[in-house]
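Residues take their numbers from the sequence shown, with the count starting at 1. Keep in mind that what you see is a predicted model, and the values were worked out from it rather than measured.
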Amino acid sequence: EGGSTLFYITKYAISPKDFEVQYNLTDPSSRQIIQRWGRSSEIGKLRDSHKLIPVKVDLIKGGVLNTIPRNVQLELQYYQISQGEKRLVRSVVHFDNLCTTLKP
């Protein structure tokens, strides 16, 4: 439905090391996982914070009942803070080139 939130995305870039799997280094042969991919405490702190923006379904191209979009476009709008640094300010998903799921 148009205007509904699909998910949230961070305003600022996140360090790749915050996504990496962490293994138990005291016994490398065990390959015991201490922290799974994308489960770091730094990423956990982002939940319910002002550092996230919603990704919403477009009000006009938000889809139609009994159709499947052939094209899905993610629009990211950002503010250029400095050379090499941007902050996301808005994000919208557009559904286009719709195909009906009903028999003619």
**OP:** Might you confirm whether atom CD of Gln80 has over 12 heavy atoms from other residues, nucleotides or ligands at distances under 6.0 Å?
**Re:** yes
**OP:** Would you please name every residue forming a side-chain hydrogen bond (donor to acceptor under 3.5 Å, both in side chains) with Lys17, sequence neighbours left out?
**Re:** none
Original post:
Hey, does Gln77 have a side-chain heavy atom less than 4.5 Å from the side chain of Val89?
Top reply: yes
**OP:** Only counting residues at least two apart or in another chain, list the ones meeting salt bridge (charged side-chain N to carboxylate O under 4.0 Å, His left out) with Glu42.
**Re:** Lys45
Original post:
Which heavy atom in Thr10 sits nearest to a heavy atom in Leu52, and how many Å separate them?
Top reply: CG2-CD2, 3.7 Å
Subject >> Straight-line distance of Ser91 OG to Lys11 NZ, nearest 0.5 Å >> reply: 13.0 Å
Subject >> Those residues that, when tested against Thr5, pass side chain to side chain contact (heavy atoms under 4.5 Å, CB included) (two or more places apart) >> reply: Tyr8, Pro54, Lys56
**OP:** For Thr101 and Asn66, indicate whether the former's side chain and the latter's backbone hold a donor-acceptor pair under 3.5 Å.
**Re:** yes
Original post:
Is Leu65 reachable from Ile68 through a run of hydrophobic residues whose side-chain heavy atoms are each under 4.5 Å from the next?
Top reply: no
Original post:
Other hydrophobic cluster members with Leu74, side-chain heavy atoms of Ile/Leu/Val/Met/Phe/Trp/Tyr under 4.5 Å, chained?
Top reply: Leu6, Phe7, Ile9, Ile53, Val55, Val57, Val64, Val72, Leu76, Tyr78, Leu88, Val93, Phe95, Leu98
Subject >> Heavy atoms of other groups near Ile81 CD1, more than 12 under 6.0 Å >> reply: yes
Original post:
About how many Å separate CG of Asn97 and CD of Gln73, when rounded to the nearest 0.5 Å?
Top reply: 12.5 Å
**OP:** For atom CG of Asp48, decide whether the heavy atoms of other residues, nucleotides or ligands shown that lie under 6.0 angstrom number more than 12.
**Re:** no
Original post:
Can you find a pair of side-chain heavy atoms, one from Leu46 and one from Ile14, that are under 4.5 Å apart?
Top reply: yes
Original post:
Is there any salt bridge (charged side-chain N to carboxylate O under 4.0 Å, His left out) pair reaching into residues 61-90, and which pairs are they, with sequence neighbours excluded?
Top reply: Lys61-Asp96
**OP:** Check side-chain hydrogen bond (donor to acceptor under 3.5 Å, both in side chains) between Gln22 and all other residues, then give those that pass, not counting sequence neighbours.
**Re:** none
